[in-house]
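Here's the structure we're looking at; comments come further down.
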Protein chains: 2
Amino acid sequence: MTRPPRTRPTLEEVAARAGVGRGTASRVINGGEKVSERARLAVEQAIAELGYVPNAAARALVTRRTDAVALVIAESEERVFGEPFFAGVIRGIGSALAQADRQLILLLAQASQRRGALDDYLTRQHVDGVLLLSLHDDDELPDRIRAHGVPVVVGGRRGDAREDFVDVDNVQGAELAVAHLAGIGRRHIATIAGPSDMVAGRSRFEGYVAGLVAADLPVDDRLVVRGDFGQGSGEKSMRTLLGRGVDVDAVFCANDLMAAGALRALSDAGRRVPEDVAVVGFEDAPIAMSTNPPLTTVHQSPEKMGREMVAMLLDSTRTPGVAQPGRMLSTHLVVRGST
Amino acid sequence: MTRPPRTRPTLEEVAARAGVGRGTASRVINGGEKVSERARLAVEQAIAELGYVPNAAARALVTRRTDAVALVIAESEERVFGEPFFAGVIRGIGSALAQADRQLILLLAQASQRRGALDDYLTRQHVDGVLLLSLHDDDELPDRIRAHGVPVVVGGRRGDAREDFVDVDNVQGAELAVAHLAGIGRRHIATIAGPSDMVAGRSRFEGYVAGLVAADLPVDDRLVVRGDFGQGSGEKSMRTLLGRGVDVDAVFCANDLMAAGALRALSDAGRRVPEDVAVVGFEDAPIAMSTNPPLTTVHQSPEKMGREMVAMLLDSTRTPGVAQPGRMLSTHLVVRGST
DNA sequence: GTACGAAGTGGGAACGCTCCCATACGCCAC
DNA sequence: GTGGCGTATGGGAGCGTTCCCACTTCGTAC
């Protein structure tokens, strides 16, 4: 609780040692103009000798900027570290921020965390902006943060959102998948959909329906099962589908993990892929290359999503208050052995 | 570059609205003693009305504390997100810090990062302390940070380290594994070791040798292969081992992923596990439960490691300058189907 | 020789908070 | 009434920066 003693040199000390004023020393540090070569060298030497490092708090206090950006991931560690999607987004965000000379701060919104601690951190101007990655709808965090004047960009659109967001165009991607299946002559196209409380789940299903309509195929409830994006649930859903006794010659799965599960269930049931049943996934995750047969899937780029989020955030720190239109990232189909 | 306009209420404004002095308002916010009920209520109401949030920079400037701790992971995203070990450590760290009311800040030391940006961030008193998770030896980051008076705890001991660290007792764990194999009558115990530039690799090998010696078995170079901790390398190493034409009735693998690869190679080669060859892994990662047969392995607890790191760091912020002795976490063997 | 602009410099003020000291206000004992 | 003590309170000082203005110096044009 007590205040630790100061040991670190201050700018004033640097200036004194260099025989210049505080202002000049500051100018040297901030790459300033209008400093004589002589003064610059003296200051640089003093900095090196004293091991001076600027105090971020003092600087932030006056500049009102920290040059740091928070990425908040509102998912369990299990998911964060299990799904390659997150690694991709983080890579994209990291490289874009590094280019802009901003520090990335990763915050995991954990259950263990005291309620409100995260809000506090984000609103106390520790960071210049917040990137939020959550795949669920019910979070009010972005609104609470915005209320304090901190810019926020959400990755993965929320249900109603008029807010700044970047998302993959799930509807278009799913349409693409269904159009492909219809294009190779399939007429009984089933789907293993994602959870309906997640945007990705809902809109990929929406795209599936739109795709059927576009191909002049009927929408049949018996061809729809809902999973939870896990591999096990894909396997189980596929079994359910087969157990219903309806014709199925193709399945569109809302993500690759469920598609991998479906492939396993099909193989167990003695159905050949793609001859008897064609399978399409969504994401183009690493697993899509290592299934048997390799998975045809809708390619999305998490890295690009990350970079877009950063671009949007930096934009809105430059022009505060001006809401950006949300951005949808298009997808394309990667055809492999499963269709 | 320009300074954004101030819009947020300050403590002074809160105090004015509540009809009290700045000091009293500050006392209320910091849970202070010696405040009358009347003043407390007035201040709390003013805070709510104005939506006041304390400015972290101003506070840090005077208290010299930020109540935030950085966790630096000096690995590629690929590894960080691929190995469940990291998720476990982060979970442990996160919960321990939450209990201590500290914010966890995750920094990934990426290649994309400007050289020095990380150092700058860590030394500019953004954080009260640094937890470093790196499995390689060659990093001087901890020394550089310590030189600026910021406490550091390293997870996974470095080669020479006299510094504060927490590590799993790899030697003891490997000895345990070998003793177990010897105990069930195996006499030709091979090892698929880890890379020699990583402590875990070296010391698990060291433990392997010690285990052989303790069991009165000869150490035979032809029974040693080095992998890189990846599943593919485990498979390849096992093939190498089998190809050498020496008797092998057991394999100790330096981690579970390589053990999983080894199991696959053994199955491909028509060797039965555990009848022909017994296999032991290290880590007790999730994959150990899902191999065929389930893997006997040395259990370590990444969560515990995380919690220990936090405890040590908080200790050294309380008593600065006093180096803590490093802590070794013991392991135990989990026997499953592969032995 | 004077006037003027550009270049370089020093240092006051301010950022928003916590710490701490001086003061005010009871209340009780004498 | 006076003295003394504990409890609340207000506000000055200071944390280490950046910003900006006023000042000096020097070179150039007249």
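The sequence lines fix the lettering, A, B, ..., with proteins before strands; numbering per chain opens at 1. Note that the coordinates shown come from a computational prediction; the quantities given were computed from them, not determined experimentally.
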side-chain contact (heavy atoms from CB on, under 4.5 Å) against B/Gln45, all qualifying residues, sequence neighbours excluded:
B/Glu49
Among residues 45-55 of chain B, which contact DNA chain C at a heavy-atom distance under 4.0 Å?
B/Tyr52, B/Pro54, B/Asn55
What side chain to side chain donor-acceptor pair (under 3.5 Å) pairs are there with at least one residue in residues 51-62 of chain B, not counting sequence neighbours?
B/Asn30-B/Arg59
Minimum-distance nucleotide (side-chain atoms of A/Arg64 versus C/dT18, D/dG16, C/dG16)
C/dG16
Among all residues two or more places apart in sequence or in another chain, which pass the side-chain contact (heavy atoms from CB on, under 4.5 Å) test with B/Ala15?
B/Val20, B/Ala25
Global bending angle along the helix from C/dG1-D/dC30 to C/dC30-D/dG1, which compares the axes of five pairs at either end, to 10 degrees:
60°
Considering residues at least two apart in sequence or located in another chain, which fulfil the side-chain hydrogen bond (donor to acceptor under 3.5 Å, both in side chains) criterion with B/Asp67?
B/Arg65
Under the side-chain hydrogen bond (donor to acceptor under 3.5 Å, both in side chains) test, which residues partner A/Arg124, sequence neighbours left out?
none
For the pair made of CD in A/Gln125 and C1' in C/dC15, what is the distance, rounded to whole Å?
11 Å
Can you list everything that forms a side-chain hydrogen bond (donor to acceptor under 3.5 Å, both in side chains) with A/Arg22? Sequence neighbours excluded, please.
A/Glu12
Taking only residues two or more places apart in sequence or in another chain, which ones pass salt bridge (charged side-chain N to carboxylate O under 4.0 Å, His left out) with A/Glu303?
A/Arg91, A/Arg307
Find the distance A/Arg59:CZ to C/dG16:P and express it as a whole number of Å.
18 Å
Got a sec, which residues hit side-chain hydrogen bond (donor to acceptor under 3.5 Å, both in side chains) with A/Thr66, two or more places apart in sequence or on another chain?
A/Asp128
Non-hydrogen side-chain atoms of A/Leu71 and A/Leu133 separated by less than 4.5 Å
yes
Go through the structure and list residues passing side-chain contact (heavy atoms from CB on, under 4.5 Å) with A/Ala100, not counting sequence neighbours.
A/Arg102, A/Leu314
Could you list, one pair per line, each protein nitrogen or oxygen that sits under 3.5 Å from a nitrogen or oxygen of nucleotides 9-13 of chain C, together with the distance?
from: C/dT9; atom 1: OP1; to: A/Ser36; atom 2: OG; distance (Å): 2.7
from: C/dT9; atom 1: OP2; to: A/Ser36; atom 2: N; distance (Å): 3.0
from: C/dG10; atom 1: OP2; to: A/Gly21; atom 2: N; distance (Å): 2.6
from: C/dG10; atom 1: OP2; to: A/Thr24; atom 2: OG1; distance (Å): 3.0
from: C/dG10; atom 1: N7; to: A/Arg27; atom 2: NH2; distance (Å): 3.3
from: C/dG10; atom 1: O6; to: A/Arg27; atom 2: NH2; distance (Å): 3.0
from: C/dG12; atom 1: N7; to: A/Arg22; atom 2: NH2; distance (Å): 3.2
from: C/dG12; atom 1: O6; to: A/Arg22; atom 2: NH1; distance (Å): 2.8
from: C/dA13; atom 1: N6; to: A/Arg22; atom 2: NH1; distance (Å): 3.3

